[in-house]
Amino acid sequence: MSIQENLKEKTLVQLLKEAVSHCQSQGIFTGTGTPKIVLEVPKHDGQGDFATTLALSLAKIEKKPPREIASHLVSALTDQVSWIEKIEIAGPGYINFFLTNAYWLQTLLNIHDQQTHFGKSTPKNKERVLIEFVSANPTGPLHIASGRAAALGDALARLLETVGHKVDCEYYLNDIGTQMTLLGRSTYLRYRELFGETVTLLEGSYQGEYIIEIAETIKKQKGDQYLDRDEASSLPFFTKFSFDTIVFWIKKDLHDFGIDFDRWFSESELHEKNEVDLALDFLKTKTMSYQKNGASWVNTTQFGDDKDRVVVRSNGQKTYFASDIAYHKNKFDRGYDRLINIFGADHHGYINRMKAAVQALGYNPKNMTILIHQLVNLLRDGKPVKMSKRAGTFVTLREVLEEVGVDATRFFFLMRRSDTSLDFDLELAKKATNENPVFYVQYAHARLCSIVRVAKEKAWDVDHVIQNPNLQSLAALTLPEELAIIRLLSQYPELIKSSAEAMEPHRITFYLQSLAGLLHSYYFSCRVITEDVALTKARLVLVTAIRIVLQNGLHILGLTAPEEM
RNA sequence: GCGUCUGUAGCUCAAUCGGAUAGAGCAACGGCCUUCUAAGCCGUAGGUUGCAGGUUCAAUUCCUGCCAGGCGCACCA
């Protein structure tokens, strides 16, 4: 890690720790040991670069006023460190640290030194992570709600990789079962209809236009050869053809959305390899399952589920849950340290039963994280659009991508915490193209590129300037705006770590907006390219550093960083 | 009824492990292009953080109860 981070993380904390023990050895403090020392970046100007609430938390133990504790601590901090400008006690007992400009300028050197690696880190425990997401049933094109899961899962994967984990992305395909049969029959009926037959659509059958589209393709390719055959012998073909077509669409939609899964895992594969039976047998030998009323149940209640769950129905059919158990066993057996599942809120009832199942299988449920994202409320002109795949009334991800654009759609989904529901107003999203915050961020990047272009046109050797920065020349950066930008830049690595820890990519969108805001403001008030050679060089280093951080952040979100707009 | 998520400015949302004066964008109003991209900048206005208690030096944050909304509670997938 950077020298600077070590300074902040270790030395400042260390100094405080030493101060505490010093006070204790002098008998000023009666307690023993040190509480956890937290450094935070104050929200307001004039409160220092870092602050600690150490004195506040010590107050209770020592039974002394926090400010008094603080002043003891500060006088114990006699060890003079060159990069501390001054220390103040403020408010109820905060200790505020003001650091020298030179300390901050070091950040710019780090950024230029690390480039795309700035913000990356190495975890204490590197994990092999499998993120399963989207996994929508392949019975129709992806709709917009899947877009949220897709954007979230992909950003999370990039984020976890940035902090040093090995991440694979997987899509679980439900390619067998009653839904598949229903899909095949829906297409089959539409096929007959194309030859002039009057058909009665099945109860609950898929009725979207796309079914007719698939039927037409079959008609084109196969003519009337299925017309005289009975349904039973035709169905396997219609089911497979429909499935293949839809999976092709889904892959294409996701690819165009910037997401390519490492693996598409078929449910049927589990059955072919007998893994479902093996998993159920395994539970039986572990006495985690039992027979009741002719069905086979897993005792999930002992691990916190509301009720026990059926895995084999009394008619002999295995439930979906049985496949899920086998699937998760399969995942763990492939050697992953951590499983992450991203579910829509309509599946939140599965959390306890899946965790219980994992535990019944003998794995630690803590190694499986189920992330719930609340649903997307689709609106059109403020009025809710009811979506049903079967009725064929839904808005596809593709439609939104074509109308709103990939970057804006991704950003829109990632801007909100995943556990709040999200209103997606189609008219607003289209109309708001120019107002979407993603453009604000991307525009900042484009502006920075423009500065570099102009500088080069004016014969500045920008590359040379950037490649050879040193603290001395950067000392020309003295404006409060410039230092504010640098402080924000220096927070980037910590932001990435905490976002990854919390699995909350939305924090990055807010960070990027703040950074873009500072840049736009700075751009308006200060010119980078001036007659002042030293100043221009220093500012070129600054703006290119901003550009690197914007690029790195946008990359994690899966967005482009355009050079021109 | 039980479980779960949410409730913060007119709207959509932030708020670092419980910290100082709760912040942005949009919408509204008033300014700024002869100078590196005006998809921008500056300013004004906007709040009893759903309600009521509790915990403590400190609560948007934690706890309890209530109110409102979303979602889920199958031998469906």
Side-chain angles (χ1 to χ4, degrees), chain A residues 36 38-44 46-47 51-53 55-57 59-60 65-67 90-94 96 137 139 174 176-180 182 267 292-297 306-307 309-321 323 344-352 372-375 377 382 415-423 425 428 432-440 442-444 446-455 457-458 491 494-495 498-499 502 506-507 509-510 513-514 516-517 519-530 536 539 543 564-565:
Chain A
K36 194 176 174 193
V38 178
L39 283 177
E40 58 183 38
V41 178
K43 290 178 206 160
H44 301 280
Q47 298 176 343
T52 182
T53 57
L56 294 165
S57 42
K60 193 188 284 181
R67 286 192 70 110
Y94 289 93
N96 295 340
N137 275 350
T139 53
N174 301 117
I176 51 170
T178 54
Q179 297 305 313
M180 279 296 106
L182 197 55
E267 184 187 359
K292 194 179 88 183
N293 300 336
S296 184
W297 302 68
D306 299 339
K307 52 186 103 172
R309 305 289 171 179
V310 170
V311 281
V312 184
R313 290 191 268 163
S314 51
N315 65 8
Q317 282 185 336
K318 293 178 196 88
T319 62
Y320 193 85
F321 186 51
S323 300
D346 53 341
H347 284 69
H348 82 256
Y350 286 16
I351 298 178
N352 282 344
I372 293 295
H373 67 86
Q374 294 297 314
L375 299 183
N377 302 318
M415 265 174 63
R416 286 155 177 78
R417 239 173 54 229
S418 62
D419 53 6
T420 62
S421 61
L422 184 153
D423 289 338
D425 191 309
L428 200 70
T433 297
N434 285 356
E435 295 155 18
N436 194 308
V438 68
F439 293 98
Y440 186 76
Q442 290 181 321
Y443 186 56
R447 271 189 154 169
L448 294 170
C449 293
S450 171
I451 294 173
V452 171
R453 271 196 306 272
V454 171
E457 281 165 20
K458 294 190 176 173
Q491 286 173 33
E494 197 51 47
L495 167 91
S498 61
S499 302
H506 80 273
R507 296 185 189 184
T509 66
F510 283 90
Q513 288 181 84
S514 313
L519 178 273
H520 285 309
S521 185
Y522 177 64
Y523 180 91
F524 188 82
S525 60
C526 297
R527 294 191 60 78
V528 172
I529 303 162
T530 61
T536 301
R539 287 183 172 172
V543 296
E564 288 178 76
M565 287 174 75

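By convention in this document, chain letters (A, B, ...) are assigned in the order of the sequence lines, proteins followed by strands, and residues within each chain are numbered from 1.
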Q. Can you tell me how far C1' in B:rU8 sits from the matching atom in B:rA74, rounded to whole Å?
A. 39 Å
Q. When you compare B:rC66 with B:rA27, how far apart are their P atoms, in angstrom units rounded to a whole number?
A. 42 Å
Q. Whole-Å distance between B:rC41 P and A:Tyr523 OH?
A. 12 Å
(Q) By the 4.0 Å heavy-atom rule, please label A:Thr178 as base, sugar-phosphate, or nothing. (A) sugar-phosphate
(Q) Classify A:Gln513 by what it touches in the nucleic acid, base, sugar-phosphate, or nothing, heavy-atom distance under 4.0 Å. (A) nothing
(Q) Using every non-hydrogen atom in the two residues, find where A:Gln47 and A:Pro42 come nearest and quote the distance to one decimal. (A) O-CG, 3.2 Å
Q.
When you compare the side chains of A:Thr139 and A:Gln179, does any donor N or O come within less than 3.5 Å of an acceptor on the partner?
A. no
Q.
What's A:Ala455 touching, base or sugar-phosphate or nothing? Going by heavy atoms closer than 4.0 Å.
A. nothing
(Q) For a quick check of understanding: with a heavy-atom distance under 4.0 Å over all strands, which category does A:Tyr440 fall into, base, sugar-phosphate or nothing? (A) sugar-phosphate
Q. B:rC75 phosphate, OP1 or OP2: any side-chain N/O from A:Ser296 under 4.0 angstrom?
A. no
Q. How does RNA chain B look in dot-bracket notation if pairs are Watson-Crick or G-U with both distances under 3.5 Å, crossing ones as [ ], other-strand ones as |?
A. (((((((..((((.....[...)))).(((((.......))))).....(((((..]....))))))))))))....
Q.
What is the distance, to the nearest angstrom, from the CD1 atom on A:Ile351 to the P atom on B:rU4?
A. 10 Å
(Q) For a quick check of understanding: with a heavy-atom distance under 4.0 Å over all strands, which category does A:Glu564 fall into, base, sugar-phosphate or nothing? (A) base
Q | Among B:rA74, B:rG70, B:rU35, the nucleotide that comes nearest once only the side chain of A:Arg527 is considered | A | B:rU35
Q.
Check the phosphate of B:rC36 against A:His520, side-chain N and O only, distance under 4.0 Å to OP1 or OP2. Yes or no?
A. no
Q) Between the base of B:rC75 and the side chain of A:Ser314, is there any donor-acceptor pair under 3.5 Å? A) yes
(Q) What contact category does A:Thr53 fall into here, base, sugar-phosphate, or nothing, at under 4.0 angstrom with non-hydrogen atoms? (A) base
(Q) At 4.0 Å (heavy atoms only), tell me whether A:Tyr443 reaches a base, stays on the sugar-phosphate, or touches nothing. (A) base
Q. Would A:Lys307 and A:Trp297 count as a side chain to side chain contact (heavy atoms under 4.5 Å, CB included) if you check the C-alpha gap in whole Å, the side-chain angles of each, and the deciding distance to 0.1 Å?
A. CA-CA 10 Å; A:Lys307 52 186 103 172; A:Trp297 302 68; over 6 Å; no
Q. Taking CD1 from A:Ile372 and P from B:rC71, how many angstroms apart are they, rounded to a whole number?
A. 15 Å
**Q.** Non-neighbouring partners of A:Ala59 that pass side chain to side chain contact (heavy atoms under 4.5 Å, CB included), sequence neighbours left out
**A.** A:Pro66
Q. Would B:rC17 be called syn or anti, given that syn covers angles within 90° of 0?
A. syn
Nucleotide N/O to protein N/O under 3.5 Å, stretch nucleotides 56-62 of chain B:
none

Q.
Can you say whether a donor on the side chain of A:His348 sits under 3.5 Å from an acceptor on the base of B:rG3, or the other way round?
A. yes
(Q) Under the rule for side chain to side chain contact (heavy atoms under 4.5 Å, CB included), what residues qualify as partners of A:Arg507, not counting sequence neighbours? (A) A:Leu495, A:Ser498, A:Ser499, A:Ala502, A:Glu504
**Q.** Inter-nucleotide C1' distance (B:rA59, B:rG1), Å rounded
**A.** 32 Å
(Q) Using a 4.0 Å heavy-atom cut-off, does A:Asn174 contact any base of the nucleic acid, only the sugar-phosphate backbone, or nothing at all? (A) nothing
(Q) Nearest to the side chain of A:Ala51, heavy atoms from C-beta on, is which of B:rU6, B:rA20, B:rG70? (A) B:rA20
(Q) Distance check, C1' atoms only: B:rC63 and B:rU55, in whole angstrom units. (A) 7 Å
Q: Verify the contact: side-chain N or O of A:Arg313 to OP1 or OP2 of B:rC76, cut-off strictly under 4.0 Å; return yes or no.
A: yes
Q.
For A:Arg447, give me all partners under side chain to side chain donor-acceptor pair (under 3.5 Å), at least two apart in sequence or on another chain.
A. A:His520
Q) Distance between the P atoms of B:rG53 and B:rU61, in whole angstroms? A) 14 Å
Q: Apply side chain to side chain contact (heavy atoms under 4.5 Å, CB included) to A:Thr420 and list each qualifying residue two or more places apart in sequence or on a separate chain.
A: A:Arg148, A:Arg416, A:Arg417
Q | A:Thr536 side-chain N/O to A:Thr530 backbone N/O, donor-acceptor pair under 3.5 Å | A | yes
Q | Interatomic distance, A:Asp419 CG vs B:rC5 P [rounded to whole Å] | A | 8 Å
**Q.** Under-4.0 Å side-chain N/O to phosphate OP1/OP2 contact, A:Arg539 with B:rC36
**A.** no
Q) Looking for any heavy atom pair under 4.0 Å, which part of the strands does A:Ala502 touch: base, sugar-phosphate only, or nothing? A) nothing
Q. Does the side chain of A:Tyr523 come within less than 4.5 Å of A:Ile451's, by heavy atoms?
A. yes
Q. Is the closest side-chain heavy-atom distance between A:Ile372 and A:Gln374 below 4.5 Å?
A. yes
Q. For A:Lys292 and A:Arg417, take the nucleotide of RNA chain B holding the closest heavy atom to each; which residue's nucleotide lies nearer the 5' end?
A. A:Arg417
Q: Search all heavy atoms of A:Thr319 against all heavy atoms of A:Val310 and return the closest pair with its distance.
A: OG1-O, 3.0 Å
Q.
Ignoring hydrogens, what is the shortest heavy-atom contact between A:Tyr320 and A:Glu267? Give both atom names and the distance.
A. CE1-OE1, 4.3 Å
(Q) With the 90 degree cut-off around zero defining syn, does B:rC33 come out syn or anti? (A) syn
Q: Give one of base, sugar-phosphate or nothing for A:Asn377, where a contact means two heavy atoms less than 4.0 Å apart.
A: nothing
